[in-house]
Student: 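I have a structure I would like to understand better, so I am pasting it below and will then ask my questions one at a time.
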Amino acid sequence: MSSQIAGVLQLLALISALGLAYRPLGDYMARVYSSEKHYTPEKWIYKVIGADPAAEMRWPAYLRGVLAFSAVSVLFLYLMQRVQGSLPGSLGFSSIDPDQAFNTAASFVANTNWQSYYGEQAMGHVVQTGGLAVQNFLSAAVGMAVAVALVRGFARSRTGELGNFWADLVRGTVRILIPVSVIGAIVLVACGAIQNFSGIHQVGQFMGGTQEWNGGAVASQEAIKELGTNGGGYFNANSAHPFENPNPLSNLFEIFLILLIPFALTRTFGRMVGSLKQGYAILGAMAVIWIGFTALMMWTEFAHRGPAFEIAGGAMEGKETRFGIAGSSLFAVATTLTSTGAVNSFHSSYTGFGGGITMLGMQLGEIAPGGVGSGLYGMLIMAVIAVFIAGLMVGRTPEYLGKKIGTRQITFAACYLLITPALVLGFTAVAMALPTPGDSMTNSGAHGFSEILYAYTSGANNNGSAFAGLNADTQWFNTTIGIAMLLGRFVPMVFVLALAGSLAEQKPVPETAGTLRTDKPLYAGLLVGTILIITGLTYFPALALGPLAEGLAS
């Protein structure tokens, strides 16, 4: 069997698995966020944090809950790293430097999981499991809560209330993320991923010296790392490490976990707004982009020319032979079209066009299917923009799900769209203009520019993957990427929740013969076109200086 055919079969198996899980998981999540019942463990949590889960919140109160909880989380994780040297289970590692501790705390709380350190050489068991892994659950639950608040904005009328943030946070964690992660961890252990709390030990003689590895609760952290579209690995090699991702079966399962909730949330959306067809339209737009990017990635990595590439069957540099080009391409597209950032190969070693595809996936806003929660609300923002454009074309007041899209709503949507590009392009321009950041580049020319562009694209879009050639463990990059991660995560949430509140206050608009049908393939096509055009107009000049220039020169 050829590698190309094997790749197609893996893609078909993945689509089939996602299809089987789509309906039951999507319906279950809709029930979770619509239920008025509180389980006993949840009541204990509410009592400890002093929250009333039955109290409805308007969007400013909901936003204050998101920001306050996230601020406390950043502070807690920062302090935990700063005192690591005094904690039990630190494996003898010293405390983390202030700039790197800030970067890591911002990264994991913002669901970015950018890592400018070697996990197995810097973080002990307590910080890894009690700090980073906990934030993997909580940051994902925050994203899901904000997405559900926006969905309620579309579903409700004549009220500004969007639910209760604390109830949404706790339910998402206790009823969705923890149960599925437990199952995922068991599967990964069965596949060969490690799960222990062993110390540092020598594993053998290599090139005249010894090599040391520490163990860890890797399988459990790997499960939520992928399920919550987090991406931070226990080891520096991330999902290319055999302790995290032992074989092709575990590789395909991890891709399944990455895509599972983001795709299923479209079913949740359809169920909560009372129209499954609306969910299918959003799903269709996501799926078209994802499958298109996957096909492009496989083509460019298999088809690259040259004697070395032909002998290897394609561009194998930087890829694990356990996974090959197909498994690596599937993983790379899944992780950059979501906010996961995990890697099982090194994107810096991809062909010029292949590296550009990973970068473009993030620059779309990671909405196909996007991160847990953030993918859905990002796609719904684009849906509002697409409806507005369609309204301009036919001279009608745009409507979406029975809500008028007026000046106020389109202002919130436009501000959401502008934040991330401003961060990416602004920080990239400053880094290229100053002399010191350029010293961190391993390569010069187009590829060197791509290293810095990729870093800020990954940080501001809360992805967390890296081109790997950039030395990001400097005060400049730790600080600026940390700022980009926080602003790129929480400033857009302000506009998402403000939009949700303005929609919830409206009364439904009756559907007429002139209403644009947003549950049809025609609208899904318009939505895909809108996404590609907006992204292209925003990022094409920067991409032309980096991956496109490199790809055309090769």
Side-chain angles (χ1 to χ4, degrees), residues 29-30 32-34 53-70 111 140-169 171-172 262 265-266 268-275 278-279 281-282 365 367 370-388 398-420 462 488-509 518 527:
M29 290 191 292
V32 166
Y33 288 113
S34 302
E56 287 281 341
M57 293 179 173
R58 299 179 71 87
W59 80 264
Y62 204 101
L63 176 63
R64 286 195 296 271
V66 170
L67 296 181
F69 176 75
S70 300
N111 199 241
V142 168
M144 294 168 69
V146 173
V148 169
L150 179 57
V151 173
R152 291 194 185 112
F154 284 110
R156 295 180 176 183
S157 60
R158 298 190 178 100
T159 176
E161 296 173 343
L162 301 175
N164 185 286
F165 167 69
W166 305 107
D168 292 338
L169 175 73
R171 287 176 177 178
L265 275 173
T266 62
T268 304
F269 162 69
R271 182 67 70 185
M272 292 181 71
V273 299
S275 174
Q278 297 288 348
I282 298 296
I367 52 178
V372 167
S374 62
L376 178 61
Y377 67 66
M379 183 60 91
L380 291 177
I381 293 288
M382 293 304 304
V384 168
I385 297 290
V387 165
F388 179 75
E399 302 166 7
Y400 187 60
L401 298 178
K403 302 296 179 72
K404 286 187 176 181
I405 308 301
T407 302
R408 188 181 181 197
Q409 289 74 36
I410 204 64
T411 299
F412 291 143
C415 288
Y416 174 94
L417 290 182
L418 292 173
I419 291 298
T420 305
N462 302 130
R489 174 70 165 179
F490 296 109
V491 175
M493 284 183 176
V494 174
F495 299 111
V496 170
L497 292 172
L499 175 62
S502 70
L503 292 170
E505 292 171 351
Q506 293 186 28
K507 62 180 181 180
V509 178
T518 54
L527 178 55

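Counting begins at 1 with the first residue of the sequence. Predicted model only: the values in this text are computed from it and were never measured.
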Student: Give me the atom names and distance for the closest heavy-atom approach of Leu162 to Ala504.
Tutor: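 Closest pair (atom of Leu162, atom of Ala504, distance): CD2-CB, 4.1 Å.
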Student: Report the C-alpha distance between Gln278 and Thr518 in whole Å, list the side-chain angles of each, state the deciding distance to 0.1 Å, and finish with yes or no for side chain to side chain contact (heavy atoms under 4.5 Å, CB included).
Tutor: CA-CA 7 Å; Gln278 297 288 348; Thr518 54; 3.0 Å; yes
Student: Between Phe490 and Ser70, which heavy-atom pair has the shortest distance, and what is it?
Tutor: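 For Phe490 and Ser70, the tightest heavy-atom pair comes out as CE2-OG, 3.2 Å.
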Student: Between Tyr416 and Thr420, is any pair of side-chain heavy atoms under 4.5 Å apart?
Tutor: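 Tyr416 vs Thr420: side chains apart.
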Student: For Phe165, enumerate each residue passing the ring pair (Phe, Tyr, Trp, His ring centres under 6.0 Å) test, keeping only those at least two apart in sequence or located in another chain.
Tutor: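 Only Tyr62 meet the ring pair (Phe, Tyr, Trp, His ring centres under 6.0 Å) criterion with Phe165.
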Student: Go through the steps to decide whether Leu527 and Ile282 satisfy the test side chain to side chain contact (heavy atoms under 4.5 Å, CB included), and finish with yes or no.
Tutor: CA-CA 9 Å; Leu527 178 55; Ile282 298 296; 4.0 Å; yes
Student: Applying side chain to side chain contact (heavy atoms under 4.5 Å, CB included), name anything that partners Gln506, two or more places apart in sequence or on another chain.
Tutor: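 Counting only residues at least two positions away or on another chain, Gln506 forms a side chain to side chain contact (heavy atoms under 4.5 Å, CB included) with Lys403, Lys404, Gln409, Leu503.
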Student: Can you name the nearest heavy-atom pair linking Pro508 to Ser157, along with the distance?
Tutor: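 It is CD-CB, 3.5 Å.
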Student: Output all residues satisfying ring pair (Phe, Tyr, Trp, His ring centres under 6.0 Å) with Tyr400, sequence neighbours left out; order by chain, then residue number.
Tutor: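 If we apply the ring pair (Phe, Tyr, Trp, His ring centres under 6.0 Å) test to Tyr400, skipping adjacent residues, the hits are Phe154.
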Student: So which heavy atom on Ala147 is nearest to which on Gly373, and how close?
Tutor: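 Closest pair (atom of Ala147, atom of Gly373, distance): CB-O, 3.3 Å.
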Student: Tell me whether Glu161 contacts the main-chain N or O of Glu56 through its side chain, where contact means a donor paired with an acceptor under 3.5 Å.
Tutor: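 No, the answer is negative, given that no donor and acceptor are paired below the 3.5 Å cut-off.
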Student: Mind running side chain to side chain contact (heavy atoms under 4.5 Å, CB included) on Phe269 and Leu380 for me, showing each step along the way?
Tutor: CA-CA 10 Å; Phe269 162 69; Leu380 291 177; 3.7 Å; yes
Student: Looking only at heavy atoms, which two atoms of Val384 and Ala413 are closest? And how far apart?
Tutor: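 In this case the closest contact between Val384 and Ala413 is CG1-CB, 4.3 Å.
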Student: I need the Ile405 CD1 to Phe412 CZ distance, nearest 0.5 Å.
Tutor: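 Here the interatomic distance stands at 12.0 Å.
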Student: Taking the side chain as every heavy atom from C-beta outward, state whether Thr268 and Val151 have any pair of such atoms under 4.5 Å apart.
Tutor: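 No; the side chains remain at least 4.5 Å from each other.
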Student: Could you check whether any side-chain heavy atom of Leu376 comes within less than 4.5 Å of a side-chain heavy atom of Ile367, counting everything from C-beta outward?
Tutor: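 Answer no - side chains too far apart.
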Student: Mark yes or no for whether Ser502, through its side chain, and Leu499, through its backbone, hold a donor-acceptor pair below 3.5 Å.
Tutor: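 Indeed, once roles are kept as given, a pair shorter than 3.5 Å links the two residues.
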Student: With Ala414, which residues qualify under side chain to side chain contact (heavy atoms under 4.5 Å, CB included), at least two apart?
Tutor: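 With sequence neighbours excluded, Ala414 shows a side chain to side chain contact (heavy atoms under 4.5 Å, CB included) to no residue whatsoever.
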Student: So which of Arg408, Arg158, Arg156 actually passes salt bridge (charged side-chain N to carboxylate O under 4.0 Å, His left out) with Glu505?
Tutor: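 The salt bridge (charged side-chain N to carboxylate O under 4.0 Å, His left out) with Glu505 is passed solely by Arg408 among Arg408, Arg158, Arg156.
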Student: What's the shortest heavy-atom distance between Val387 and Glu399, and which atoms?
Tutor: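 Minimum heavy-atom contact is CG1-O, 3.1 Å.
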Student: Just to verify, which of Val66, Ile419, Leu63 counts as forming a side chain to side chain contact (heavy atoms under 4.5 Å, CB included) with Val494?
Tutor: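 Single side chain to side chain contact (heavy atoms under 4.5 Å, CB included) partner of Val494 among Val66, Ile419, Leu63: Leu63.
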Student: Determine, stepwise, if the pair Met144 / Asp168 fulfils side chain to side chain contact (heavy atoms under 4.5 Å, CB included).
Tutor: CA-CA 8 Å; Met144 294 168 69; Asp168 292 338; over 6 Å; no
Student: Tell me, which pairs form a side chain to side chain donor-acceptor pair (under 3.5 Å) where one or both residues lie in residues 488-499, sequence neighbours left out?
Tutor: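 Listed once each, the pairs would be none.
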Student: For the backbone of Asn111 and the side chain of Asn462, can you confirm whether one donor and one acceptor N or O come within less than 3.5 Å of each other?
Tutor: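 It does not hold such a pair.
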Student: To the nearest 0.5 angstrom, please state how far the CG atom of Leu265 sits from the CE atom of Met379.
Tutor: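 Interatomic distance, Leu265 CG to Met379 CE, rounded to 0.5 Å: 12.5 Å.
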Student: Would you please name every residue forming a side chain to side chain contact (heavy atoms under 4.5 Å, CB included) with Thr411, sequence neighbours left out?
Tutor: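 With sequence neighbours excluded, Thr411 shows a side chain to side chain contact (heavy atoms under 4.5 Å, CB included) to Thr407, Cys415, given in chain and number order.
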Student: How many angstroms lie between CZ in Arg64 and CH2 in Trp59, if you round to the nearest 0.5 Å?
Tutor: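 Between atom CZ of Arg64 and atom CH2 of Trp59 there are 9.5 Å.
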